[in-house]
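The figures that follow rest on heavy atoms only: side chains count, while hydrogens, waters and symmetry mates do not. Below, chain A is the first sequence line, B the second, and so on; all start at residue 1.
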There are 6 protein chains.
Amino acid sequence: MTELVQLVPNNSLLTKTPEEGRQLAVKMARLIIKVTQPDAAIREKMRPTYAEDPAMLIAIGQTIATEFATIAAANNYWK
Amino acid sequence: MTELVQLVPNNSLLTKTPEEGRQLAVKMARLIIKVTQPDAAIREKMRPTYAEDPAMLIAIGQTIATEFATIAAANNYWK
Amino acid sequence: MTELVQLVPNNSLLTKTPEEGRQLAVKMARLIIKVTQPDAAIREKMRPTYAEDPAMLIAIGQTIATEFATIAAANNYWK
Amino acid sequence: MTELVQLVPNNSLLTKTPEEGRQLAVKMARLIIKVTQPDAAIREKMRPTYAEDPAMLIAIGQTIATEFATIAAANNYWK
Amino acid sequence: MTELVQLVPNNSLLTKTPEEGRQLAVKMARLIIKVTQPDAAIREKMRPTYAEDPAMLIAIGQTIATEFATIAAANNYWK
Amino acid sequence: MTELVQLVPNNSLLTKTPEEGRQLAVKMARLIIKVTQPDAAIREKMRPTYAEDPAMLIAIGQTIATEFATIAAANNYWK
């Protein structure tokens, strides 16, 4: 299953800007959801559940913060 | 959807002071909520839920601590 | 709202000792709660809830550990 | 029990690309599940539970983000 | 309240061995609980709750792992 | 209590291989459980609870990922 989904867009952690790095973090987090739940219909059905649940929204924020930490370090913080 | 929200204000992790870095961490965490739940009315309705729930307030603190770790490293801890 | 609360006491992550660094971690974590729930009466009412709930106490510990990691790195671990 | 499962495929954190590093993070996270619950039938039975539960999918994302941080550092971010 | 509890034993993150570093991580995590819930009787009453709840035991493990990461870095991993 | 359990096997974070480092992470996480719940009978009784609960299995994975990050850094990622 893992082989069917591209987990790292462009196969690189390097981005030109922090904004693009942040978008990559969001995408990489979503791709893990996709590889764990490959059925698009089920994923779509879950969207209102997590998007209207503050605890889940906070947890999504925690995950993306962790992904972003790695991407930011990879880019030497775009300094 | 990601493209409609600016995820990193000023497209930079660099701030003049720790205080500004901390404010950036808060903003970046909120922007992830915004990109995941773009409907402002729904977000507003959730506010009392998380703002009066100690477990969620703690989880928000955890997320912001993680965001801040990255921003602090980016700024070499303002040393 | 963020502007009304000082998020980083003394606007610095540098402290003279690990003990002071740990106290700063506790304060910074509490200030995030304060900025998210600015009503002191509501915060006070929540205190017994989290202070008598072991799961929340553990979660507070997790948050402070994350804050402290950043402060300790900022101070080069007081070596 | 630990001895019966290979926890790190190829006994190395080094991969050629970020994509392979991400796949390794997914595998290493799954192998911890396997060593904790060695019964394949029970693991299989749990799959629909977590794959249709957004909170669990988010938590899986958090775990893989943490594993990936280590693998990415090991590979100097494939720079 | 913070001032009444010593949060970092010996006011130092440096230890002679990994074992002592791990014990320090356990103590520092417990001291945060103590500063948040200063009433020893209430803390004692909570013990069976978390010590017989696997989810809480795992969460304690997560917190101590985070504390230990900082202490280990402070000691350059006792290399 | 802490004194009765060896928290870091061999009192060292250094291992010859990533595989051994991963096994050390698993052991160190389990030893924290042991020091918090010293009664072997109670620990044994909890096993089916967490081993058949996907949320707890994921949380175990998160804890071990955090422990492993420290061990991997201590070993300079076995490069």
Contacting moiety of B:N76, where chain C heavy atoms sit under 4.5 Å:
neither
Which of B:T66, B:L57, B:D53 touches chain C most, by non-hydrogen pairs under 4.5 Å:
B:L57
Decide if atom NZ of B:K79 counts as having more than 12 heavy atoms of other residues, nucleotides or ligands within a radius under 6.0 Å.
yes
Could you report the tightest heavy-atom contact between C:A73 and B:Y77, atom names first, then the distance?
CB-OH, 3.5 Å
Would you say B:N10 has more than 12 foreign heavy atoms packed within less than 6.0 Å of its CG?
no
Which atoms of C:L14 are under 4.5 Å from chain B, going by heavy atoms: the side chain, the backbone, both sets, or neither?
side chain
Kindly indicate, with the supporting measurements, whether the criterion salt bridge (charged side-chain N to carboxylate O under 4.0 Å, His left out) is fulfilled by C:E67 and B:R22.
CA-CA 11 Å; C:E67 299 286 15; B:R22 196 76 170 165; 2.6 Å; yes
Test side-chain contact (heavy atoms from CB on, under 4.5 Å) applied to C:K16 and C:N75, step by step:
CA-CA 8 Å; C:K16 269 184 292 216; C:N75 287 279; over 6 Å; no
Check each atom of C:S12 against the heavy atoms of chain B and say whether the ones under 4.5 Å are side chain, backbone, both or neither.
backbone
Below 4.5 Å from any heavy atom of chain B, which atoms of C:A29 appear? Answer side chain, backbone, both or neither.
backbone
Would you mind telling me which of C:A55, C:A74, C:A65 has the largest number of heavy-atom pairs within less than 4.5 Å of chain B?
C:A74
